[in-house]
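To start, the structure itself, in structure tokens.
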Amino acid sequence: LTLDKVLSSYLPRTPALAEDLVLGYEVSRAYHYTNRTEVWEQRPLTPELLQYAASDVRHLHQLQDALNMKLPPSIVTKVRDASTERVLMPAAAADRRAEAPTIVKKSDIS
């Protein structure tokens, strides 16, 4: 699932979330869907990209709270441990850190 779908599914629709989802769609359409991801390597980032990056993380604490209430404790622990491992991973393993692992399978929460 994409972050926008997860946020839409688990968080109440507030004006701030709605605005961030629209911005995310527009920036993704302009850059990611057209394979123009090199814009993230250019410095300084444009105000549009800075706002997009901030909107990507703005709702994560609220999402964590919502998921913690819905998921079994064993899954919450598994995700927390895998996330901690990825954050502490040495920079030399950056390629591995950039991969999106499957930490939780649908069968784990069904």
**Q.** Joint cluster assignment, Y25 & L7, ILVMFWY side-chain distance < 4.5 Å
**A.** no
Q. Do you know the tightest heavy-atom contact between Q51 and R58?
A. O-NH2, 4.2 Å
Q. Which atom names give the shortest non-hydrogen contact between D20 and H59, and what distance separates them?
A. OD2-NE2, 2.7 Å
**Q.** Residue list, side chain to side chain contact (heavy atoms under 4.5 Å, CB included) with D65, at least two apart or on another chain
**A.** none
Q | Distance (rounded to the nearest 0.5 Å) between L17 CG and E19 CD | A | 10.5 Å
Q) Which pair of heavy atoms, one from R13 and one from A18, lies closest together, and at what distance? A) NE-CB, 3.7 Å
Q: Under 4.5 Å between side-chain heavy atoms, chaining through other members, with only Ile, Leu, Val, Met, Phe, Trp and Tyr counted: pull out the rest of the cluster around L45, sorted by chain and number.
A: L23, V27, Y31, V39, W40, L49, L50, Y52
(Q) Between N68 and Q64, is the side-chain contact (heavy atoms from CB on, under 4.5 Å) condition met? List the steps. (A) CA-CA 6 Å; N68 282 347; Q64 179 185 13; 3.6 Å; yes
(Q) Please determine whether residues Y10 and V57 belong to a single hydrophobic cluster, defined as Ile, Leu, Val, Met, Phe, Trp and Tyr linked transitively by side-chain heavy-atom distances below 4.5 Å. (A) yes
Q | Where P12 and Q62 come nearest, the two heavy atoms and their spacing | A | CD-NE2, 3.7 Å
**Q.** Minimal non-hydrogen separation, D56 against L3, with atom names
**A.** O-CD2, 3.3 Å
Q) Is there a path of hydrophobic side-chain contacts, each under 4.5 Å between heavy atoms of I, L, V, M, F, W or Y residues, that connects V6 with V22? A) no
